[in-house]
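The block underneath contains the structure these notes are about, expressed in structure tokens.
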Amino acid sequence: MPVGSPASPSRRAALLAAATLATAACTRLTFFAANAPTLFGAYDRYPDIAYGDDPLQWLDLYIPQRVAIAPRPLIVFWHGGRWESGDKRDYRFVGAAMAELGYVSVVPNYRMYPRVKLPGFMEDAARAALWAHAHAGEFYADTRVLYLMGHSSGAHMGALLALDPRYFLKVAPSPPTIAGFIGLSGPYDFLPLREADLQDMFGPPDLYPLSQPINFVRADAPRMLLVQGERDDTVGPYNARNLAAALHERGVAVTLRMYPQLGHADTVAALSELARGRAPVLADIEGFVADGKPQQTRAVYEHKKGERA
């Protein structure tokens with residue numbers, strides 16, 4: 001449905017209300033604060049589109065309102081929540097931010113633990129990405145410019161989908177071409193598993209290695225942007241460093257952004273209007289997509305670039 005002008009009084013009022021709430025919450029933006037300004041963004045949102053038969057196999061679609069002179073990049077974003085919680089409705093600010101850059105974005109829900117274990121949620125991830133790829137022409141998106149993106153456990157899912165083709169091949173004859181992966185605070189190299197729920201989720205033990213994106217790095221992997229806060233005490237920063245090093249060693253184009261002042265949620269919160277001053281994550285994504293040329297083969301490895309106070 002169409003929404004109002006970014007400069008409208010209603011938008012300014014929402015920003016003020018959200019800013020007040022954010023200040024009251026000190027350093028942590030609530031989802032309400034992050035999403036309030038997006039109610040008046042220049043995009044169309046189509047919620048609760050089915051990509052499967054289960055009620056959790058629904059997605060929200062975000063399309064920029066401005067006229068496109070060429071097919072738009074297409075991004076599929078998976079939310080975090082430790083593979084057991086979270087909802088696509090809370091991440092409207094992500095869809096709005098991608099639309100602001102001129103991208104079409106898809107934000108799916110998926111079945112979670114304990115209802116499903118690996119590979120259940122990964123099969124949902126594959127189905128959502130295939131839905132986006134199959135319907136791209138309907139909303140003037142370019143299937144050759146398909147990016148997978150996620151935060152926290154959603155970044156794990158996106159990385160595993162980008163690196164291990166078995167999930168696509170289980171639900172389709174062939175995987176789509178992936179232009180790149182964008183990971184925000186993702187766990188990519190987190191063995192050994194010490195928590196009982198993770199052991200159950202990814203077990204039995206002989207299957208643990210299948211849960212680790214780093215184990216599937218290959219020379220023809222999609223290019224990657226890994227954004228990580230050094231103050232992350234939920235997902236250790238070594239996850240991004242280790243994956244970046246493994247990709248670089250195999251000649252894969254990878255950009256690593258390490259932000260000393262950011263914690264675990266800050267990397268995705270930086271996509272909201274209220275928190276963009278903390279780190280230029282949105283600009284990181286825009287630059288990464290802009291540089292995504294099919295002929296690019298030179299490995300790129302960047303560290304601690306673009307930090308804002």
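FYI, side chains are in, hydrogens and waters are out, and symmetry mates aren't considered; it's all heavy atoms of this structure.
Side chains of D53 and Q57: no donor on one and acceptor on the other come within 3.5 Å.
With Q199 contributing its side chain and P204 its backbone, the two residues share no donor-acceptor pair below 3.5 Å. Counting only distance, with no hydrogens or angles, the side chain of S272 and the backbone of A34 share no donor-acceptor pair below 3.5 Å.
Classification of R72 and D142 as a salt-bridged pair fails, no side-chain N sitting under 4.0 Å from a carboxylate O. Salt bridge status for D60 with R45: present, with a side-chain N to carboxylate O gap under 4.0 Å. Between E100 and R276, at least one side-chain nitrogen of the basic residue sits less than 4.0 Å from a carboxylate oxygen of the acidic one, meeting the salt-bridge criterion. R250 and D220 are not joined by a salt bridge, as no carboxylate oxygen comes within less than 4.0 angstrom of a charged side-chain nitrogen. Ion pairing of D54 with R111 is absent here, as no side-chain N (NZ or NE/NH1/NH2) approaches a carboxylate O to less than 4.0 Å.
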Kindly indicate, with the supporting measurements, whether the criterion side-chain contact (heavy atoms from CB on, under 4.5 Å) is fulfilled by Q261 and R231. CA-CA 6 Å; Q261 302 304 315; R231 292 189 176 182; 3.1 Å; yes
What verdict does the side-chain contact (heavy atoms from CB on, under 4.5 Å) test give for L256 and M258, after you've listed the backbone C-alpha separation in whole Å, the side-chain angles of each residue and the deciding distance to 0.1 Å? CA-CA 6 Å; L256 175 65; M258 300 294 297; 3.7 Å; yes
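Atoms OG and CG, from S105 and L74 in turn, are 8.5 Å apart once rounded to the nearest 0.5 Å. Taking CE of M157 as the reference point, atom CG of L118 lies at 9.5 Å (rounded to 0.5 Å). The structure places OG of S211 at 5.5 Å from CG of L193, a figure rounded to the nearest 0.5 Å.
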For residues 174-185, please give each side-chain donor-acceptor pair under 3.5 Å, one per line with the distance, not counting sequence neighbours.
unit_1 : atom_1 : unit_2 : atom_2 : d
S185   : OG     : H264   : O      : 3.1
S185   : OG     : T267   : OG1    : 2.6

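Within the 4.5 Å cutoff, the side chain of Y113 has heavy atoms near those of the D197 side chain. Counting heavy atoms from C-beta outward, V107 and Y62 have side chains that approach closer than 4.5 Å. Side-chain contact between F216 and L210 is present, with heavy atoms from C-beta onward closer than 4.5 Å. Counting only heavy atoms from C-beta outward, the side chains of E273 and F93 never approach each other to under 4.5 Å. Side-chain contact between K117 and D200 is present, with at least one heavy-atom pair separated by less than 4.5 Å. Looking at heavy atoms from C-beta onward, M149 lies in side-chain contact with M98 at the 4.5 angstrom threshold. Contact check for I285 versus L225: side-chain heavy atoms found under the 4.5 Å cut-off. With contacts defined as side-chain heavy-atom distances shorter than 4.5 Å, the pair V76/P108 qualifies.
Here F121 and Y110 keep their ring centres 6.0 angstrom or further from each other. Aromatic ring centres of H156 and W83: separated by under 6.0 Å.
By the 6.0 Å contact criterion, CZ on R89 is open, its count of non-hydrogen atoms from other residues, nucleotides or ligands being 12 or less.
Taking the six-membered ring for Trp and thresholds of 30 and 60 degrees, Y91 and F31 have ring planes more than 60 degrees apart, a perpendicular arrangement.
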